[in-house]
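One structure below.
Residue numbers begin at 1 in each chain, while the letters A, B, ... track the order of the sequences. The structure presented is a predicted model; accordingly, all values stated were derived computationally and were not measured.
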Amino acid sequence: MTIRVRFAPSPTGYLHVGATRSALFNYLYARQNGGKFLLRIEDTDLARSTDESTRSILEGLAWIGLEPDEEIVFQSANADKHRAAAFRLLDEGKAYRDFTPKAAPSDANVKDAIKDRARASQGEKDLRNNPYRGLSKEESDARAGSGEPFAIRLKVPETGKTSFEDGVFGLQERGYAETEDLVLLRSDGHPLYNLAVVCDDIEMRITDVIRGQDHLTNTHKQILIYEALDVQPPKFAHLPLILAPGGKKLSKRIHGEIVSLTTYRDAGFIPDAFRNFLALLGWSAGEEKEIYSLEELIEKFSLEGVHRSSAIFNYEPNNPKRWTDDKLIWMNAEYIRTMPLEQLLPMVKIELKANKLWREEYDEEGEALAAAIPSTADLGPDGRPSTVAIENRETGTRNWFIYTVDVIRQRFFTLKDFSSQGRAYFSEDFDFDQAAIEKNLKKFPDLQTWLPELADRFETAFAETSQAETRAVASVPAGNGAIHFTEANIETVVKAFTEEKGTKLGVIMNGARTLLTGVAVGPSMLTVFEIIGLERTLMRLRSQVAWNAVAEARTK
RNA sequence: GUCCGGUUCGUCUAGGGGUUAGGACACCGCCCUUUCACGGCGGCAACACGGGUUCAAAUCCCGUACCGGAUACCA
């Protein structure tokens with residue numbers, strides 16, 4: 001039998017990270033077993049369901065790469081079938097009409113109200129004491145015929161128990177005495193969750209139900225419905241919950257945006273990285289490995305490897321550096337610096353475009369950024385990817401762009417960094433980081449005259465070739481007489497200059513770094529000079545903007 | 001209240017009768033270095049508690065504590 005699993009969110013908000021993990025595990029399970037991964041939108045609560053939420057869920061799933069294999073099922077479209085099932089059980093005597101007037105909704109917190117009521121009714125706990133449970137068929141029909149509203153409840157047997165083998169939690173048993181005669185159909189004719197789920201799972205021919213642990217008790221109720229309906233229940237597996245740092249279930253209501261998948265997309269996370277992180281929250285392959293591709297996850301996933309204890313998703317709302325889980329941030333950085341460039345570049349393009357930093361030249365010559373980039377996959381001596389070797393990288397071209405991204409990605413954490421920290425590579429309009437100014441400029445006042453002097457030196461040294469000529473011959477290796485603005489040549493000039501001034505190389509380099517990039521961190525300065533290019537280097541070394549900031553700070 | 005489940009470094013986790021209890025993130029130190037990262041090396045840091053079984057318990061059993069979930073004419 002083909003494995004068929006489903007992800008069944010209710011569209012009452014954005015896609016929750018916990019729900020996303022359920023979707024992921026379902027997906028992995030399906031893929032591993034050559035089965036189908038289906039999506040059902042549980043929109044039976046019309047009051048709370050919104051189309052916008054449905055869109056958001058679909059978007060989120062698409063972003064993280066979990067698209068359903070068949071058409072999406074909307075539960076509300078099946079309401080008639082659910083109703084029919086309820087009436088069938090009524091006819092068969094497996095359910096009964098409950099004429100008890102619907103209780104007015106309490107104004108208190110629903111959960112608290114439920115708890116209070118449960119506590120209060122502790123003494124005479126008999127879930128089979130509904131006065132209408134034993135009503136004769138004639139009387140029941142008569143009252144219904146006269147228009148009296150009723151709900152339909154399942155007639156749970158007096159004695160016995162439900163039991164099932166959970167794929168994660170093992171054997172689960174629950175005496176009927178613990179399960180009430182659950183309502184299948186509301187007095188307004190609306191089918192209820194448990195009935196709807198069972199009917200739809202049957203109709204969708206679901207073989208394995210993998211969902212959150214919060215459904216563990218529902219499973220017993222649903223098994224009762226399966227039995228009443230004379231259908232063999234599917235296999236069940238429940239996943240541990242994802243908790244917030246306080247130890248409470250991670251919820252939309254109290255934890256806010258941190259639980260929404262879109263938050264991570266918008267914050268510059270790589271879908272593969274997020275998926276990788278999520279997979280390791282509550283599941284382990286039992287080996288010392290952290291980075292898993294989708295293929296590896298599909299191959300290694302198993303329900304046995306899923307934990308029974310909940311995991312905490314760490315975050316600190318007021319700490320910008322740790323606003324979300326440390327490991328997630330690390331993993332994203334790891335993906336950014338090691339993933340194939342042809343996959344990363346299109347994402348960087350989107351990020352730059354959104355910030356008006358993108359130039360069409362980067363895409364020129366009809367070569368898509370996603371085209372294979374030779375040598376990128378080569379691994380360096382330490383087994384990590386080496387930087388890409390691209391010749392002909394004149395400023396502003398596609399090759400320049402690829403090379404630049406490859407160089408700067410080495411110390412970025414999210415895609416956002418390309419437009420913030422990396423802004424100076426793509427635009428003249430960038431800010432100077434105060435700490436960088438303090439550390440690299442303010443302490444060395446001489447730099448205010450030295451750096452423009454260095455610009456003059458560059459201009460002289462590299463004057464032999466005009467900008468146009470430099471472009472034309474940029475591919476010619478240095479050392480053949482032509483002096484190009486390349487790392488080796490720049491190094492010679494800067495070293496001579498440094499010696500002449502009797503200072504340390506670092507002072508010059510870091511001063512230049514601040515002026516050229518606005519920040520105190522980045523790739524080797526020789527690389528930075530070359531990437532920024534001669535023209536922009538001269539301009540920025542001579543600019544007084546940052547120095548004005550230094551002066552301003554002094555007068556304060 | 002009742003039912004169900006859980007508890008290994010701060011966090012994610014490996015281990016499941018004999019281990020110096022392993023890895024990863026975070027943190028700290030050293031090396032590399034023009035900065036910051038990366039990388040390398042090292043450090044800090046855990047079996048909730050109490051009984052039992054056993055030559056031997058983090059591991060098996062029982063209890064306690066604590067935490068979580070569920071308990072609805074919500075999903």
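Ring-centre distance between H82(A) and F87(A): not below the 6.0 Å cut-off. Ring to ring, F485(A) and F458(A) are close: their centroids are under 6.0 angstrom apart.
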Under the ring pair (Phe, Tyr, Trp, His ring centres under 6.0 Å) criterion, do H220(A) and Y176(A) qualify, and how do the steps go?
CA-CA 9 Å; H220(A) 290 280; Y176(A) 289 160; 9.7 Å; no
Give the intermediate values and the outcome of ring pair (Phe, Tyr, Trp, His ring centres under 6.0 Å) for residues F277(A) and W283(A).
CA-CA 10 Å; F277(A) 172 77; W283(A) 170 80; over 10 Å; no
Show your working on side-chain hydrogen bond (donor to acceptor under 3.5 Å, both in side chains) between D326(A) and N314(A) and close with a plain yes or no.
CA-CA 7 Å; D326(A) 276 337; N314(A) 248 318; over 6 Å; no
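Look at the P atom in both rU8(B) and rC4(B): the space between them is 22 Å, to the nearest Å. rC49(B) and rA57(B) are spaced 15 Å apart, taking the P atom of each and rounding to whole Å. Distance check on atom P: rU13(B) versus rG18(B) gives 24 Å, rounded to whole Å. Spacing between rG22(B) and rA46(B) at atom C1', rounded to whole Å, works out to 12 Å. Rounded to a whole angstrom, the distance from the C1' atom of rU53(B) to that of rG10(B) is 35 Å. Using P as the reference atom, rC30(B) and rC38(B) are 16 Å apart when rounded to the nearest Å. Using atom P as the reference point in both rC27(B) and rC36(B), the two lie 15 Å apart (nearest Å). rC9(B) and rC47(B) have their P atoms separated by 7 Å, given to the nearest Å.
The CH2-P distance, from W330(A) to rA37(B), rounds to 17 Å in whole Å. Atom pair W450(A):CH2 and rU34(B):C1' shows a separation of 15 Å (rounding to whole Å applied). Distance K321(A) NZ to rC25(B) P: 14 Å, rounded to the nearest Å. Remark: P of rA24(B) and NZ of K289(A) are 14 Å apart, rounded to the nearest angstrom. Computed from coordinates, the N332(A) CG to rA37(B) C1' distance equals 15 Å when rounded to whole Å. rU13(B) atom C1' lies 14 Å from atom CG of N276(A), rounded to whole Å. One can place NZ of K439(A) at 8 Å from P of rU35(B), the figure rounded to the nearest angstrom. We find that NZ of K161(A) is positioned 12 Å from P of rC4(B), with the value rounded to whole Å.
Checking each of K155(A), R133(A), R97(A), K221(A) against D181(A) for a salt bridge (Lys or Arg N to Asp or Glu O under 4.0 Å) leaves exactly one that passes, namely R133(A).
Residue contacts for P523(A): at a heavy-atom cut-off of 4.0 Å it reaches a base atom on one of the strands shown. A311(A) comes within 4.0 angstrom of the backbone, heavy atoms only, and of no base. As judged by a 4.0 angstrom heavy-atom cut-off over every strand, Q172(A) is placed among residues touching the sugar-phosphate backbone only. When heavy atoms are screened at a 4.0 angstrom cut-off, G212(A) is found touching no nucleic acid atom at all.
A 3.5 Å limit on both hydrogen-bonding distances identifies no Watson-Crick or G-U partner for rU53(B). Of all nucleotides present, only rC4(B) satisfies the Watson-Crick or G-U wobble test against rG68(B), with each distance under 3.5 Å. With a 3.5 Å ceiling on both atom-pair distances, the Watson-Crick or G-U wobble partner of rU11(B) is rA24(B). Pairing partner, rU34(B): none, since no Watson-Crick or wobble contact has both distances short of 3.5 Å.
Side-chain atoms of R337(A) stay outside donor-acceptor range of the base of rC38(B), with no qualifying N/O pair under 3.5 Å. You'll find a donor-acceptor pair under 3.5 Å spanning the side chain of S524(A) and the base of rU34(B), going by distance alone.
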Could you encode protein contacts along nucleotides 68-75 of chain B as a string, one character per nucleotide from 5' to 3', using B for base contact, S for sugar-phosphate-only contact and - for no contact, with a heavy-atom cut-off of under 4.0 Å?
SSSBBBBB
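You'll find the side chain of F164(A) reaches within 4.5 Å of the side chain of I223(A), heavy atoms only.
A cation-pi arrangement, defined by a distance under 6.0 Å to the six-membered ring centre and an angle within 45 degrees of its axis, is present between K289(A) and Y292(A). For the pair R423(A) and F430(A), the cation-pi criterion (under 6.0 Å, within 45° of the ring axis) is not fulfilled. A cation-pi arrangement is absent between R153(A) and Y96(A) under the rule of less than 6.0 angstrom and at most 45 degrees off the ring axis.
Between F169(A) and V507(A), it is F169(A) whose nearest contact on RNA chain B lies nearer the 5' terminus.
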Could you list, one pair per line, each protein nitrogen or oxygen that sits under 3.5 Å from a nitrogen or oxygen of nucleotides 7-10 of chain B, together with the distance?
none

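The side chain of R513(A) lies closest to rU34(B), out of rA24(B), rU34(B), rC38(B).
Closest approach of D214(A) to K249(A), counting heavy atoms only: OD2-NZ, 3.2 Å.
Ring pair F99(A)/Y132(A) is perpendicular by interplanar angle, where above 60° counts as perpendicular and below 30° as parallel.
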